[in-house]
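Naming convention: chains lettered A, B, ... in sequence-line order (proteins, then strands); numbering from 1 in each chain.
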Amino acid sequence: MKILAPDFDLEKTLNCGQVFHWEKSGAGFVGAIGAKGVYVEQQRDQLVFMGATAKVIANYFSLDHPLAGICCSFPRDPGMTAARDFCRGLRIIRQPRWECLATFITSSMKQVAHIRQISLALRKRYGESKQILGHKIFTYPSAEQIVELTEQGLRECALGYRAKNLLVTARLVASGEAKLEAWRELPDDALREHLCELPGVGAKVANCVMLFAYERLRAFPIDVWIERVLRQQYFPRKRKVTAQQLRNFCDRYFGEHGGYAQQYLFHHARKGGAVSK
DNA sequence: CTCCAGGGATGAT
DNA sequence: ATCATCCATGGA
């Protein structure tokens, strides 16, 4: 099956560090969208796919986001413009909430390559196997599946000290104490507060989950890469800029689609050599 | 080998 | 409120 996907770059969207389990296969990628094993391949302005409906594909890749308008809302400074040009077609996808939350709990102080490794280990060991084009795909284990495990079982997937946080958060979600789906109705600040009450979730992880799983396109996660971008591009030769000052600047400067701006700056910094360590 | 990574929790100033 | 330290692990 195929659908029209204008203004879209599949490779950048899957390899920009917002999602961690898609694997290259021939001219396309194989992975899971929720419980479905999926193959997806870009052919110019079309998306060729198997394993899910067109509706599921279009929704997951946010093909309805008005990307041109979003990019026009970015501030007009040199760094932002370079990132915008570098990331043309990159879309913020709609990830399943638990999968996104759990993955970013395991992401702290980890490189993207290792987050991928942890995600794949958890899937292979504790997820459910699916078949797509001869590939074995594994779904991300649900909170209900995680609570049946021990901290030691999780540590065998190289989670280290993050295992405890994932296990306790899974218990809160599985018990219904943390209502991930109902939180969809909350305004940004209330949603962030709820997320930050979960063990292993601070401001940065909460903002990632808000951006990648709750479609809060204003959420602006600040990690070590983005902090370097901010200090080098927006506060050059200025010492003693506090974390709070950076936060205030981002909320004010990048506007209603700050999350998109952030992801473009992040990907450009990592893959385009826009910043120095 | 060393350095550091899409940080968070905790305890001391 | 800000700051220092510790937490596991492995890619670069």
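- Across all strands shown, A/I105 has no heavy atoms under 4.0 Å from either base or sugar-phosphate atoms.
- Looking at heavy-atom distances under 4.0 Å, A/K164 makes no contact with the nucleic acid at all.
- The phosphate of C/dA8 has neither OP1 nor OP2 within less than 4.0 Å of any side-chain N or O from A/R162.
- Comparing the same atom, C1', in B/dC3 and in C/dA8 gives a spacing of 15 Å after rounding to whole Å.
- If you check C/dG11 for Watson-Crick or wobble pairing at under 3.5 angstrom, you find it paired to B/dC3.
- Between A/H257 and A/S73, the side chains place a donor N or O and an acceptor N or O closer than 3.5 Å (distance only, hydrogens not considered).
- Comparing B/dG6, B/dA5, C/dC7 against the side chain of A/Y161 picks out C/dC7 as the nearest.
- Using a 3.5 Å distance cut-off with no hydrogens or angles, the side chains of A/H135 and A/Y39 do not pair a donor with an acceptor.
- In this structure, A/I226 reaches the bases: a heavy-atom distance under 4.0 Å links it to at least one base atom across the strands shown.
- For the 3.5 Å distance criterion, the side chains of A/Y214 and A/D188 fail to qualify, holding no donor opposite an acceptor.
- Scanning atom types as modelled, one donor and one acceptor separated by under 3.5 angstrom connect the side chain of A/Q263 and the base of B/dG6.
- Taking the side chain of A/S107 as heavy atoms from C-beta on, and the options C/dG10, B/dG6, C/dA8, the nearest nucleotide is B/dG6.
- In summary, A/D223 and A/R270 do not engage in a salt bridge, as defined by a charged side-chain N under 4.0 Å from a carboxylate O.
- You'll find that the side chain of A/R228 is closest to B/dA5, out of C/dG10, B/dA5, B/dG6.
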